[in-house]
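Comments concern the structure below.
Values reported hereafter were calculated over all heavy atoms of this structure, with side chains retained and with hydrogens, waters and symmetry mates removed. Below, read A as the first sequence line, B as the second, and so on, with proteins coming before strands; counting in each chain starts at 1.
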Amino acid sequence: MYAFEFVKPKTVEEAVAALREGEAKVLAGGQTLIPTLKQRLAAPEKLVSLAGVEGLRGIRTGDGVVEIGAGTTHAVIARELAGAVPALAALAGDIGDPAVRNRGTIGGSLANNDPSADWPAAVLGLGATVVTDRREIAADDFFQGLFTTALEEDEIITAVRFPMPKTAAYAKFDQPASRFALVGVFVARLDGNVRVAVTGASENGVFRWQAAEAALGADFAPAAVEALAPPPAEEMISDLHGAGDYRAHLVKVMTKRAVAACG
Amino acid sequence: MTVAVHKPHPHDSAPLHVSGKARYTDDIPAPAGTLHLAFGLSPAARGRIRRLDLAPVRAAEGVVAVLGADDLPRPVDLSPAHAGDEPLLATGTVHYLGQPLFLVVATSHLAARRAARLAGIDIAGEKPVLTIDDAIAAGTDLEPPLEWRKGDAEAAIAAAPHRVRGRIEVGGQEHFYLEGHAALALPLEDGGMEIHASTQHPTEIQHKVAEALGLPMSWVRVSVRRMGGGFGGKESQGSALAVACAIAAWKTGRPCRMRYDRDDDMIITGKRHEIRIDYEAGFDADGRLLGVRFAHFLRCGWSTDLSLPVADRAMLHADNAYHLPHVTIRSRRLRTNTQSNTAFRGFGGPQGMMGIERVIQHVAATLGKDPLEVRRVNLYRPMAAVAAGEAAQTTPYGQPVEDSIIDALVDRLAREARYAERRAAIARWNAGSPVIKRGIALTPVKFGISFTLTHLNQAGALVHLYQDGSIRINHGGTEMGQGLNMKVAQVAAEAFSVPVEAVRITTTDTARVPNTSATAASSGSDLNGMAVKAACETIRARLTRFLAERHQCPEEVVRFSEGRVHVGTNVLTLAEAARAAHEARISLSSTGFYATPKIHWDRTRGQGRPFFYFAYGAAVSEVAIDPLTGETRILRVDVLHDVGRSLNPAIDIGQIEGGFVQGAGWLTMEELAWDERGRLLTHAPSTYKIPVASDRPRIFNVALWDGENREPTIYRSKAVGEPPFMLAISVHQAIAEAVAAAAGVPFVALDAPATPERIALAVRNARAGENAP
């Protein structure tokens with residue numbers, strides 16, 4: 001780890017101001033950033049911790065919406081949403097291990113946009129809204145490829161607003177050593193449409209499998225997916241954990257499982 | 001009646017292990033001023049070093065010294081085979097990515113590791129030889145191919161009514177001992193060196209350190225209290241750290257210590273040999289094997305290391321428990337630009353067995369038979385039949401199998417695990433299950449016990465009886481969690497008929513017991529137990545003679561029994577007897593020695609009796625697979641294993657369970673991957689998956705065969721370290737059965753490890769009619 005300056009502002013405004021001075025990075029739960037610093041893969045001059053900022057944590061439900069503060073940990077979400085939105089609670093409860101779940105936050109995961117992270121599937125799968133210090137960004141506009149999002153350099157996620165689905169489920173195939181998603185599929189039935197978002201599989205990060213959405217829109221059943229060709233293997237990640245055609249095959253299998261789990 | 005042996009005493013260090021008090025090499029408090037070492041590693045797999053600029057390393061904070069190959073007092077070859085191809089630091093050329101190039105000596109572990117990354121390294125790279133195919137194409141054999149023949153396999157196969165041929169590829173395995181490699185060197189006032197090392201082979205370390213420093217072996221002392229796992233990975237691979245520490249300590253005059261970070265440990269050290277086996281077999285309508293041919297191809301890595309005996313042992317277990325009347329086994333040992341593959345539990349035996357078990361499965365599928373039926377007709381003739389006068393059948397290397405109990409053992413296991421009934425039930429269940437499929441398999445193990453290098457089959461011990469009746473034992477074996485020290489302490493306690501608590505176990509130390517063999521080849525208890533027993537018996541004989549004289553009675557009436565020494569009607573405690581003997585100036589200390597009898601071996605001809613005896617066992621495994629994702633679960637395992645008359649059933653069952661789970665990890669989930677440059681991609685637990693508690697079989701029944709070793713081993717027990725590892729072949733076979741059921745074909749050629757990806761694709765390919773090979 002290289003030396004850096006550490007600041008702990010009390011408000012979002014102060015945090016944004018701190019980000020504008022020099023090479024600064026936001027520190028949320030630190031589950032990706034700290035190992036990255038340790039391996040010297042990043043060398044920010046300054047870390048802006050969000051730990052002291054009021055109002056970033058907590059979950060509010062009502063009016064067909066669930067709003068989760070960006071600083072809320074996976075463990076809290078797993079615990080508190082178990083009744084209201086079981087699909088989100090189950091996803092949060094299956095991230096990493098207890099240490100990761102008790103430190104890592106939903107906002108940190110989204111801002112990082114790791115191609116194997118779980119939260120991007122839920123946000124894109126539900127068509128959620130990412131709320132920042134200055135605007136609201138639709139999920140379809142937010143994710144822009146591997147580790148790339150619509151966020152400005154000095155922009156901070158403050159909350160994520162999910163619409164309440166009729167039903168939703170997340171089916172994940174773990175890479176057994178790291179427990180990252182080798183393939184994770186989030187399926188949601190919303191008013192008037194079905195969304196299917198896939199994480200872990202694509203060279204371009206989380207994506208919507210539109211062929212499956214159309215098929216499930218017409219007939220919301222695993223059999224509707226069975227008839228589809230899997231997404232193109234050449235667009236899938238091919239690495240030591242699995243070849244592209246295995247991942248493409250798993251996308252289809254996991255989509256069917258998520259649909260079945262929706263009941 | 002015994003007082004100490006044949007009893008389930010817990011591991012002597014168990015309370016220390018679970019409370020965190022057990023002290024490992026890197027936990028030893030070091031004197032003030034101790035320096036820390038790290039290697040700078042090659043960034044290329046093969047090539048010539050054009051430039052190695054160590055100036056930035058020397059200038060780094062905390063660095064005390066930096067040594068390249070030219071800075072060593074003399075050339076250092078670490079090869080355990082004395083092959084001269086394993087320099088401590090690269091000399092001009094590099095042979096794998098991760099090879100140590102230079103040594104950093106610094107004031108802290110972190111400072112050394114940081115500085116090690118600062119070198120300017122320019123290597124004129126050449127295309128590395130990475131895979132078995134690369135090596136075959138390049139002809140990088142370590143020695144000419146070795147071929148052993150019994151009968152005329154080619155003619156027998158040609159004349160057989162049925163034939164199969166095929167190929168199986170089996171991946172390597174990282175040892176993943178929980179304690180990584182570590183060493184500490186303390187320079188002595190007169191130029192001698194004291195070494196603490198995490199090693200299975202203290203004498204080898206002593207030898208290599210002495211050679212590197214130009215000292216007689218008597219000037220180097222190596223000790224090891226315990227290891228946090230070895231599994232063969234610490235048989236030869238610890239020399240680099242210990243020798244580096246010794247040289248740095250000699251140069252600086254200060255204590256030096258070194259430990260590999262986990263990633264470095266995986267990148268630098270060797271693993272289990274990957275193998276490819278091509279096979280051809282001829283058989284009759286019952287599945288009886290008439291002729292078999294095997295061609296082994298082993299990926300050995302960059303240096304000779306222990307690859308030749310490992311590859312030999314793969315050949316020696318190409319028959320497993322089956323009589324092969326006509327057989328040819330050919331073996332190629334291929335040098336590659338990867339980590340130097342080395343000893344790993346089973347030492348090639350597991351790889352060899354995978355070949356014949358695949359043949360059996362292939363034969364059974366071809367005939368439409370239950371594989372167990374085919375196994376049964378091929379098992380070696382039983383010990384009882386041999387005893388009744390039938391000729392013993394011989395192994396492919398000419399050793400008569402006189403002690404086989406495998407037929408009775410398999411029968412009992414099949415009966416107790418209800419194999420036939422469950423196999424039928426699984427077939428019915430599979431017919432009604434649209435997705436999930438199950439498989440069941442019973443596989444036997446026959447494993448040869450003894451080092452194949454005959455002279456290694458010896459051990460020494462040094463036992464002291466103190467005047468208060470307490471006993472301290474020293475032997476040449478090392479404790480790596482396997483419970484050797486407890487077993488040997490039981491032997492000593494039994495000799496004096498005292499509770500095992502009266503026996504003090506000590507650090508293994510080359511100054512107390514010299515010229516030891518590695519604690520390897522499952523031989524620890526067999527060899528060291530016998531040596532300790534001999535030492536104890538010497539002392540006991542002196543006490544007996546003394547007491548008989550003092551009490552004016554024949555020696556026959558002196559008995560050590562139930563914690564007391566009986567001299568006729570007089571009853572003494574051991575303390576009273578010891579004190580009296582001491583006052584009469586009787587020596588209460590003795591060495592002991594043991595050399596395994598009967599063995600001889602000619603590896604070039606492939607003839608002899610390399611093994612004193614065989615250990616047997618069998619397992620029934622039932623698995624379920626999800627053909628859609630390829631995931632597997634081990635639903636139930638039943639093991640019946642032969643440890644002769646167990647020295648310690650608790651420790652033996654622990655070894656069987658641990659060996660099985662480690663074997664199942666090798667065959668199902670542990671997968672090593674290198675990129676095209678030769679960089680090991682799986683060098684941490686985040687990318688390399690080992691079995692954990694939740695991966696153990698859901699139902700896991702382990703029983704010990706009730707019998708005794710027909711050879712006069714230590715209390716008629718049998719070695720247990722390696723044999724149970726191979727029981728896990730039943731898991732792989734059960735998975736292959738389930739894959740075939742899922743694909744609706746009789747046979748699928750499943751390679752190992754059977755990862756989810758490999759299983760899912762095997763099902764898909766088999767359904768599409770592409771049944772490799």
**Message:** Can a donor-acceptor pair be found, under 3.5 Å and without considering hydrogens, that links the side chain of A/Lys46 to the backbone of A/Val26?
**Reply:** no
**Message:** I'd like to know if the side chain of A/Asp94 pairs up with that of A/Tyr170 as donor and acceptor (distance under 3.5 Å, no hydrogens or angles considered).
**Reply:** no
**Asked** Using non-hydrogen atoms only, which part of A/Arg257 is less than 4.5 Å away from chain B: side chain, backbone, both, or neither?
**Response** side chain
**Message:** Checking side chain to side chain contact (heavy atoms under 4.5 Å, CB included) between A/Trp209 and each of A/Leu216, A/Val225, A/Val185, which is the one that passes?
**Reply:** A/Val225
**Fill in**
Note: vs chain A, highest number of non-hydrogen pairs under 4.5 angstrom among B/Glu631, B/Glu671, B/Met669 is B/Glu631
**Asked** Closest heavy-atom contact between A/Cys262 and A/Phe220?
**Response** CB-CE2, 3.7 Å
**B/Trp666 side chain to B/Gly171 backbone, donor-acceptor under 3.5 Å** = yes
**Under 4.5 Å from a heavy atom of chain A, the part of B/Arg764 involved** = side chain
**Prompt:** Is it true that the side chains of B/Ser433 and B/Asn430 contain a donor and an acceptor less than 3.5 Å apart?
**Reply:** no
**Interchain contact, B/Asp626 with chain A, by part (heavy-atom threshold 4.5 Å)** = side chain
**Request:** Could you tell me which of B/Arg758, B/Lys689, B/Glu757 has the largest number of non-hydrogen atom pairs under 4.5 Å with chain A?
**Result:** B/Glu757
**Message:** Is it the case that the side chains of B/Tyr688 and B/Glu670 hold a donor-acceptor pair, with the cut-off being a distance below 3.5 Å and no angle test?
**Reply:** yes
**Request:** Could you give me the CA-CA distance, side-chain angles and deciding distance for B/Phe231 and B/Phe176, then say whether ring-ring contact (aromatic ring centres under 6.0 Å, His included) is met?
**Result:** CA-CA 9 Å; B/Phe231 311 116; B/Phe176 224 106; 10.0 Å; no
**Complete:** Pair count under 4.5 Å, heavy atoms only, with chain A: among B/Ala673, B/Pro756, B/Gly630, highest is B/Pro756
**Request:** Can you check whether anything in residues 238-256 of chain A gets within less than 4.5 Å of chain B, heavy-atom wise, and list it by number?
**Result:** A/Leu240, A/His241, A/Gly242, A/Ala243, A/Asp245, A/Tyr246, A/His249, A/Leu250, A/Val253, A/Met254
**Asked** Would you call the rings of B/Phe344 and B/His175 parallel, tilted or perpendicular if under 30° counts as parallel and over 60° as perpendicular?
**Response** parallel
**Part of B/Leu761 within contact of chain A (heavy atom distance under 4.5 Å)** = side chain
